[in-house]
Amino acid sequence: MCREAKRTRPLASDAARIGRRVVLRAGAGVAAGLLAGAAAPVVRAAPPRQEGGFIQGGRWIEAEGYGLAQVIDPSQYIVFATEIPFDAVAPSWSGDADPGGVVELLWSPDGVTWSEPLWIEKATHGGPPDRDGRHIGALTATPGGTFLQYRTYDGNDNLAALPGFELDYIDASTGATLQQVANPATTPVFSPPPVISRAGWGADEALRYTKAGKEIFPVEYQAVERVIIHHADTANFNDPVLEMRSIYYFHAITRGWGDIAYNYLVDFLGNVYEGRTGGETAIGCHAEGYNRGSCGICLMGRFFEEDITPEMHNAVVWISSWAARDLDPTASGPFLDIPDLPTICGHRDVNNTSCPGEEFYTMIQAVRPEARRVIKGRDDPEPPPAEWHPGMHVVTTAEGTSLRQGPGLDFEKVANVAVGESLTVLQGPATNDDMIWYEVEGPSLSGWIAGSLLTPDPNATAANLPPPATVVPEPPPADASTPPPAVVEEPPPAEPPTGAEAIGGGDDRDNGNGGGRDDGGRDGKGKERRQDAWPVYEIGTTVSVIGGALNLRADPGLGSAILTELWEGAIVTVIGGPVETDGIVWRQVMTADGLTGWCDGTYLQSV
């Protein structure tokens, strides 16, 4: 995904950021290329779709969908509607065709309002060979698209057909949103970082297998000797969760690798995401010839000329420190066939590429000593506390305050709000244009706003104040027979289940389903609990586990798979339910590391 060639025309990165949609002027036609003749007909695509998972994709095959029309007149745009909405696209063409080919592409949510032209070249990456030996174009974000139009060029900038041309488009919208999974690096310590797990960001594990159920890229492990930093070479400030799922599909399906290439990815808010399945020492496919013994960390965005946000910088130092905790981040030495390679390096240090962009590459020399100070305990990657936290109620302090589509002055205004407008903070902070931005929403609008234009809602309650610091309990050692002490010290319910009666303490009874509790809606004395006595939790309520270990299941029901055990005192957030099954009223919750599942709501207590 990292571009190597010099640019001779504007690329997607040089056009307005994705999300800044442009309505073409009347009389200009659907696009400038259509002036040469009648508009190309709209053709509804009917490509094969990836089956067996929830991250969906379609593939437009030009030879099947449009025949030889473009060969006859390559100046004409090919326009078509997709059968599913899409959040990202990636073109490809035959491996024996011109590798310098370029695709001029526009996308639209409705067939009327179109983006500016995007110029897409071949993606470069030090990974395994691409699918069927094809030339794969760079992944490009197109959030909410339903129409595409394109035309193609050869390596000499002449309009020409690209043999075997295809367009993959990806629907990554199904799954958790950023607000649901984000755990920004605002309270890091030098310990296993709160990485957003694959389950948290919505990795569709079905994409890692063939239709016959064979794993495409089986996991292998090797100790980390080097940290190699990349950038995704995608637009800055894309929705990070959609970006994660799109990159995953692009790597696993479009490029045919069977999984995401990197071990970790970092977004502009400072969130760190789990990439390659298998954990931190799993061998990825991010640097050709240098994957074994290296940890690949990818920055979401492109940084040829633009710098990363302070939040992303902090997260890069933090995750690099953790990945290199047994190494000297400031050292350099032999690695495989390279005689002298820094412990923390850029992709361009091992492969012929411009990744991770000139602007960030110069900053790696600052990351190394910062990471060393963290490892030695002389520094802490913890940034200053956020001024506004998600869920806090605020009001605007100026008349005509603008909400924007993204965190920066380059993003379009989506609304003007009057002074005193009541808003709720969704996420942030994100620093850009010398301002600290937060995403907020009101009754009928949402967008990004500078934090300096906000003040606490005078009617705020205690629930809107910054949350107190909590400590998530460590899992017990392998030979422990009792769970760790509770995080909160609040009185239990009137009749708390205890000991062996709790089905999960003492003799670890669980109706044959493991050590945690799911007791069919009965209390510790075997008495049926009345449904009208069960606590009611609003979505977003923070609760703790009481009465011992509690099973977290994939679905509401005793027959569902157990994902993990929540130890007594664990802090979770209610995100769904109630659902009554097997005599239990189940609540869907999210853990601190982004894992979601269902548990018996009787054993939850507000904090």
Side-chain angles (χ1 to χ4, degrees), residues 1-5 11-12 47-50 55 57-63 86 88-103 105 118-141 150 152-155 161-170 172 204 207-211 214-218 228 230-234 243-263 265 275-277 283-292 296 298 302 347-348 350-355:
M1 295 179 63
C2 304
R3 189 171 57 253
E4 298 176 7
L11 296 174
R49 291 178 58 183
Q50 173 69 22
I55 302 178
R59 180 170 295 157
W60 161 263
I61 301 174
E62 182 178 277
F86 52 89
V89 298
S92 66
W93 54 97
S94 175
D96 56 10
D98 188 348
V102 178
V103 181
L105 180 139
L118 308 175
W119 301 88
I120 306 174
E121 294 181 346
K122 178 184 175 181
T124 57
H125 197 286
D130 285 320
R131 170 177 58 89
D132 301 328
R134 298 176 63 79
H135 299 305
I136 307 292
L139 178 69
T140 302
Y150 69 90
T152 57
Y153 298 76
D154 62 22
L162 294 178
F165 185 81
E166 298 176 358
L167 264 173
D168 274 22
Y169 43 93
I170 304 164
D204 186 347
L207 303 186
R208 296 194 296 110
Y209 296 85
T210 65
K211 292 182 179 179
K214 181 181 179 181
E215 189 173 11
I216 299 169
F217 187 13
I228 301 177
H230 307 250
H231 70 170
D233 199 10
T234 54
E243 184 94 336
M244 280 296 303
R245 294 196 284 259
S246 296
I247 292 174
Y248 177 39
Y249 186 100
F250 178 62
H251 286 187
I253 302 301
T254 301
R255 306 200 77 159
W257 296 345
D259 199 2
I260 201 164
Y262 317 106
N263 297 91
L265 295 94
R276 171 80 166 117
T277 192
I283 298 171
C285 58
H286 54 92
E288 184 177 9
Y290 303 93
N291 291 302
R292 293 182 175 274
C298 179
R302 59 172 60 92
H347 188 189
R348 66 173 64 180
V350 298
N351 291 140
N352 182 24
T353 174
S354 57
C355 177

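- One finds the OH atom of Tyr150 at 12.0 Å from the CD1 atom of Ile120 (value rounded to the nearest 0.5 Å).
- Counting heavy atoms from C-beta on, the side chains of Ile170 and Arg245 never come closer than 4.5 Å.
- For the pair Gly57 and Tyr249, the tightest heavy-atom approach, listed with the atom from each and the gap, is CA-OH, 3.3 Å.
- Here the side chain of Asp98 pairs a donor or acceptor atom with the backbone of Gly155 at under 3.5 angstrom.
- Contact detail for Gly137 and Ala90: the closest heavy-atom pair is O-CB, 4.0 Å.
- Between His286 atom NE2 and Ile228 atom CD1 the span is 5.0 Å, to the nearest 0.5 Å.
- Under the side-chain hydrogen bond (donor to acceptor under 3.5 Å, both in side chains) criterion, Ser246 pairs with no residue at all, not counting sequence neighbours.
- Counting only distance, with no hydrogens or angles, the side chain of Asn263 and the backbone of Gly275 share no donor-acceptor pair below 3.5 Å.
- Of the inter-residue distances, the one linking Leu162 atom CG with His135 atom NE2 reads 9.0 Å to the nearest 0.5 angstrom.
- Residues passing the ring-ring contact (aromatic ring centres under 6.0 Å, His included) test with Phe86, sequence neighbours excluded: Tyr169.
- Of the inter-residue distances, the one linking Cys298 atom SG with Met244 atom CE reads 9.0 Å to the nearest 0.5 angstrom.
- Applying the side chain to side chain contact (heavy atoms under 4.5 Å, CB included) criterion to Asp130, with sequence neighbours excluded, gives Ile136, Arg255, Trp257.
- Between Phe165 and Val103, some side-chain heavy-atom pair lies under the 4.5 Å cut-off.
- Tyr248 pairs by the side chain to side chain contact (heavy atoms under 4.5 Å, CB included) definition with Ile55, Arg198, Trp201, Ala203, Asp204, Glu205, Leu207, Arg208, Ala252, Asp259, Ile260, not counting sequence neighbours.
- Counting heavy atoms from C-beta outward, Leu105 and Thr140 have side chains that stay 4.5 Å or more apart.
- Nearest heavy-atom pair across Ala287 and Val350 is CB-CG2, 3.9 Å.
- Not a single side-chain hydrogen bond (donor to acceptor under 3.5 Å, both in side chains) links Asp132 to another residue, sequence neighbours left out.
- Counting only distance, with no hydrogens or angles, the side chain of Arg134 and the backbone of Ser92 share a donor-acceptor pair below 3.5 Å.
- Between His251 and Phe217, every side-chain heavy-atom pair lies at or beyond the 4.5 Å cut-off.
- Checking Glu288, His230, His347 one by one against Thr353, the side-chain contact (heavy atoms from CB on, under 4.5 Å) holds for a single residue, His347.
- Between the CG atom in Asp168 and the CD1 atom in Ile253 there is a gap of 9.0 Å [rounded to 0.5 Å].
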